[in-house]
Enquirer: 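This is the structure I have questions about; it appears just below.
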Amino acid sequence: MDDAYLEAVLDLVETIPSGRAMTYGTVAEVVAERCVAAGERPRGGPRQVGQVMARAGAGVPWWRVVNASGAPPARHLQRALAELRAEATPLTPDGTRVALAQAIWFPDVPDPD
DNA sequence: ACATTGACTAATT
DNA sequence: TAATTAGCCAATG
């Protein structure tokens, strides 16, 4: 994956508002859409997003990106949960994962009219 | 070029 | 509802 993809993912993650969250799959979808809009070949894949995050996720609110179950990366679970609690992100009664139904967020399409 | 791996997902059991 | 399995996409050895 090249830097363009990396930037696209990081840029999107940075736009996630405090107290909300996105799934890897959704991030991948949006990035793919933007990629197509830019006339590039669509790269899709939740795993690629994860790969980018693992490589350059520092510096962005990575804890606002969770898997389809609403659970943050197991590798930094506690850290992520701490951040999420601090931001009052809707969590499940268990407190171990994000309540996607309430916290899920989708970016406004910057439709250039 | 083939096999393995990973901050994933959806379907099964 | 939780654990397993198979599928997926691209990077790496």
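In what follows, every heavy atom counts, from backbone to side chain, and hydrogens, waters and symmetry copies are set aside. Quick caveat: nothing in here was measured; it's all calculated off a predicted structure. Chain identifiers are assigned alphabetically (A, B, ...) following the order of the sequence lines, protein sequences preceding nucleic acid strands; residue numbering begins at 1 within each chain.
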Enquirer: Nearest-Å distance, CZ (A:R64) to P (B:dA7)?
Expert: 22 Å

Enquirer: Let me know the distance between CD of A:Q51 and C1' of C:dC9, rounded to the nearest Å.
Expert: 9 Å

Enquirer: Base, sugar-phosphate, or nothing: which does A:A68 touch, judged by heavy atoms less than 4.0 Å apart?
Expert: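 Sugar-phosphate only.
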
Enquirer: I want to verify a distance call: between B:dA7, C:dA2, B:dT9, whose nearest atom is closest to the A:A54 side chain?
Expert: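 For A:A54, the side-chain atoms sit closest to B:dA7.
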
Enquirer: For A:R43 and B:dG6, give me the distance from atom CZ to atom C1', rounded to whole Å.
Expert: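 In whole Å, B:dG6 C1' lies 19 Å from A:R43 CZ.
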
Enquirer: What integer distance in Å separates A:M53:CE from B:dC8:P?
Expert: 11 Å

Enquirer: Which atom pair, heavy atoms only, marks the closest approach of A:Y5 to A:G45?
Expert: OH-O, 4.0 Å

Enquirer: Does A:R55 or A:D94 map to a spot on DNA chain C nearer the 5' end, using the closest nucleotide for each?
Expert: A:D94

Enquirer: A:Q48 has an atom CD; how far is it from atom P of B:dT9, in whole Å?
Expert: 12 Å

Enquirer: Strictly under 6.0 Å, is that where the ring centroids of A:H76 and A:W63 end up?
Expert: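 So the answer is no for these two rings.
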
Enquirer: Mind calculating the distance between CZ (A:R47) and P (C:dC9) to the nearest angstrom?
Expert: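 Nearest whole value for this atom pair: 11 Å.
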
Enquirer: For the pair made of OH in A:Y24 and P in C:dC9, what is the distance, rounded to whole Å?
Expert: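 Roughly 19 Å, once rounded to whole Å.
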
Enquirer: Among A:V13, A:V98, A:V60, find the residue that satisfies the side chain to side chain contact (heavy atoms under 4.5 Å, CB included) test when tested with A:V65.
Expert: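 Only one of A:V13, A:V98, A:V60 forms a side chain to side chain contact (heavy atoms under 4.5 Å, CB included) with A:V65, namely A:V13.
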
Enquirer: Scan A:P46 against the nucleic acid and name what it touches under 4.0 Å (heavy atoms): base, sugar-phosphate only, or nothing.
Expert: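 It contacts sugar-phosphate atoms only.
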
Enquirer: Using whole Å, what does the distance between atom P of nucleotide B:dT9 and atom CD of A:E29 come to?
Expert: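 Between P of B:dT9 and CD of A:E29: 11 Å.
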
Enquirer: Does some side-chain heavy atom of A:V30 sit less than 4.5 Å from a side-chain heavy atom of A:F106?
Expert: yes

